There are 2 protein chains.
Amino acid sequence: MNPLHDITIKDIAQRLNVSVSTVSRALRGSTDIKKETRELILQVADELNYRPNPIALSLKDKKTKVIGVMVQEIANNYCSATIAGIEDYANKMGYQVLISQSHEKYDVEVTNLHLLASRRVDGIIITLSNETKNAAHLQDLIDKGIPVVMFDRVCEYLPSHKVIVDDCEGSYNATEHLIQQGYKRIAHLTISPSLAITQRRLKGYKDALKAYGIKTKKEWIIHCDFDPGHMEKDVRNLLLGPYKPDAIFSSVERLSMVCLKVMKQLNLKVPDDVAIAGFSDNPVSGFLSPALTSVAQPTFEIGQHAAALLISQIETKEKPKEYTTVQLKTRLDIRESSLAKKQMPADALQE
Amino acid sequence: MNPLHDITIKDIAQRLNVSVSTVSRALRGSTDIKKETRELILQVADELNYRPNPIALSLKDKKTKVIGVMVQEIANNYCSATIAGIEDYANKMGYQVLISQSHEKYDVEVTNLHLLASRRVDGIIITLSNETKNAAHLQDLIDKGIPVVMFDRVCEYLPSHKVIVDDCEGSYNATEHLIQQGYKRIAHLTISPSLAITQRRLKGYKDALKAYGIKTKKEWIIHCDFDPGHMEKDVRNLLLGPYKPDAIFSSVERLSMVCLKVMKQLNLKVPDDVAIAGFSDNPVSGFLSPALTSVAQPTFEIGQHAAALLISQIETKEKPKEYTTVQLKTRLDIRESSLAKKQMPADALQE
DNA sequence: TTGTACGCGTTATCAC
DNA sequence: GTGATAACGCGTACAA
């Protein structure tokens, strides 16, 4: 017997002198089949360690039981954590996951989506690349009958389910936490004002200040260029300038890191001199910098929800009448050492 | 025209009133075919946006152009960074990557390897789970004719290509760096002494001390339990005990982090009070803690090499006569602020 | 209850 | 040069 040869129903049929269809029936648990025959077949199948060939099934049924996932970079922590959630749910439902990366390039995204489609994946979960400005390529997929679910960087008007995070609330909570700790001169570091994410996080910050009767100050809302050099300069200017804050809420992890670095250079302590809170993708960051209060994204749950929405759509085989947008809550990670000494009773502040 | 219907060579054939075999030939670039016919076919194929169905090809050729990757956790930074390297090379060669996780469980590893095999992946790249003590399940795959390449946590005696990192040299370099910075009381924090990785990294540490004529001290080689609580206690004992070091070389990232945390609690400064160098998986850690000198793993290259070895084996279709073990060098990331003031000329030390 | 024949999309091997 | 046909592995409608 050739070990390189996968065994098929044909092999079992030959061995038992029955037809392939009998074997097929027995394996599929069809009722109308003689009990002895079936048990014999099942026994031999087990003996030969038979595994149905999913490729033959795919060809027949036009279903691959594979879902495609398109992210910017698999090495990006946010992405891989989300993929873990997708895998979790998908595997439970008998699906495998094929991963593809856009490397933040629109062209690559288009090309690789084609590749996934030509692999006949049953559906696609995607977070858009930086460069992607329109969703025509995704509309194409949907038109071809391939279900699409978006997460994180979604395209509002695309007819698909979406999974996002309540940035605004996350920002609000982080800012509120700083306020409740007794800080009043709270700056907000963020990135390009044109991004939707920037706007939502800025809103949460403003709303929190407003709710506690603190005036917003232009000088404390800083839109940094994403270039690391610029970032450092901006942070340094803020910390050394006339409007030195006593706390900073940063909208992206990178900016929190830059803050830590610059503060170290300036010999400032966190949180005693300036407290920091900010969004964080990396579970290590909290451990590394226990002074940091972070708004953690529920990445695993995002993945699970996305997979659930996709698979449900795949298996009902119809375009949904309406598309749902799942909005998940962030989690505020407050670490002991991020609690400053200057803390005062929260109710004293309420007045 | 039904948009849900993938177009096939049959469609093209019908449209041009030729047979499917003619279309197939034209598409495959066969020589014996009339030039006009071919061009017509190519044109229509392009027009209809024809994509060959890889599933049909797989069924016929028993090749899926998919490679399976088995890691502990995709959300683990080391793993996802390696996968990025695998993807890079594999995609260039026209392969897609199917990822599977063992979650550090032997049983799950076995089950999911079966799943990959039954998906008919052309080959498998794997790093073993913690629990895996033997490689019988991998030997099975190899016996079935599925090429296997191992990386990181490899099994020495398995007949497969392997990609590993020169831990010993990495340890040596880090320790040497500390010595050259002027440190002499260098402790080594590490984990279970029974692990191969522990032994290799310990050896590099010892070798470096020896090379510079520094005696090894038992009290400075600490095998910590992997439990976080124990780790902290061990580190605290070291720093407060009679054999307080002036530098620490830690064999795993986690221990470096614990050091930073405990030192902060004790109000000790890095590197002024105690310098730290250690292995690191996470690119963020260096940024977060600029005082840390880290031994960085060439994860991307590990992935690329593993994929290259696997694909080459897949495409030659024969079992290799001998198996290669690629051993990659680590990279020592020295950051400005990790250079202590106590630095003295290296040559003064050589005497 | 079981066997035969077909189709999924493609290529290779014939025959014309 | 081109067309018809078998084969890959499976499930199933149909025939027996």
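Each chain gets a letter, A, B and so on, in the order the sequences are listed, and its residues count up from 1. Bear in mind that the values here come from a model prediction, so they are computed numbers and not experimental data.
- Between Val23(B) and Ile9(A), the one whose closest nucleotide on DNA chain D sits nearer the 5' end is Val23(B).
- Separating the CG atom of Leu57(B) from the P atom of dA7(D) is a distance of 19 Å, rounded to the nearest angstrom.
- Rounded to a whole Å, the CD1 atom of Ile33(A) is 13 Å from the P atom of dT12(D).
- Contact annotation for Thr8(B): backbone-only contact, meaning every heavy-atom pair under 4.0 Å involves sugar-phosphate atoms and none involves a base.
- Residue-to-nucleotide proximity on DNA chain C shows that, of Asp61(A) and Ser19(A), the 5′-proximal contact is made by Ser19(A).
- The distance from the CD1 atom of Ile146(B) to the CD1 atom of Ile67(B) is 13.0 Å, given to the nearest 0.5 Å.
- Among the atoms of the strands shown, base atoms are found under 4.0 Å from some heavy atom of Arg25(B).
- Taking side-chain N and O atoms only, Lys62(A) has a distance below 4.0 Å to OP1 or OP2 of dG9(C).
- In this structure, Asp6(A) places its CG atom 13 Å from P of dC8(D), rounding to the nearest Å.
- Ion pairing of Glu47(A) with Arg15(A) is present here, as a side-chain N (NZ or NE/NH1/NH2) and a carboxylate O approach within less than 4.0 Å.
- Among the protein residues, Ser58(A) comes within range of no part of the nucleic acid, since none of its heavy atoms lies under 4.0 Å from any strand.
- A salt bridge links Lys92(A) with Asp88(A): the distance from a Lys NZ or Arg NE/NH1/NH2 to an Asp or Glu carboxylate oxygen falls below 4.0 Å.
- Put simply, OG on Ser102(B) and CD1 on Ile126(B) are 7.5 Å apart, with the number rounded to the nearest 0.5 Å.
- Rounded to whole angstrom, the span from the OH atom of Tyr50(B) across to the P atom of dG9(C) amounts to 10 Å.
- Between Glu104(A) and Arg153(A), at least one side-chain N (NZ, or NE/NH1/NH2) sits under 4.0 Å from a carboxylate O, which counts as a salt bridge.
- Here dA12(C) is the nucleotide among dG11(D), dA12(C), dG9(C) with the atom lying nearest to any side-chain atom of Arg28(B).
- Picking from dT10(C), dC8(D), dC10(D) the nucleotide with the shortest atom distance to the side chain of Asn53(B) gives dT10(C).
- Following rounding to the nearest Å, Gln14(A) (CD) and dC10(D) (P) show an atom-to-atom distance of 13 Å.
- Going from atom NZ of Lys63(A) over to atom C1' of dC10(D) covers 17 Å, rounded to whole Å.
- Mapping Lys10(A) and Ser21(A) onto DNA chain D by nearest heavy atom places Lys10(A) closer to the 5' end of the strand.
- Lys60(B) contributes a side-chain N or O that forms a donor-acceptor pair with the base of dT11(C) under 3.5 Å.
- Atom-to-atom, CG of Asp11(B) to P of dC8(C) comes out at 10 Å; the value is rounded to the nearest Å.
- Considering only side-chain atoms of Val18(A), the nucleotide from dT12(D), dT10(C), dG3(C) that sits closest is dG3(C).
- Judged by atom type and distance alone, Arg51(B) does not reach the base of dG9(C) through any side-chain donor-acceptor pair under 3.5 Å.
- In this entry the distance linking CD1 of Ile55(B) with C1' of dC8(D) reads 14 Å, nearest Å.
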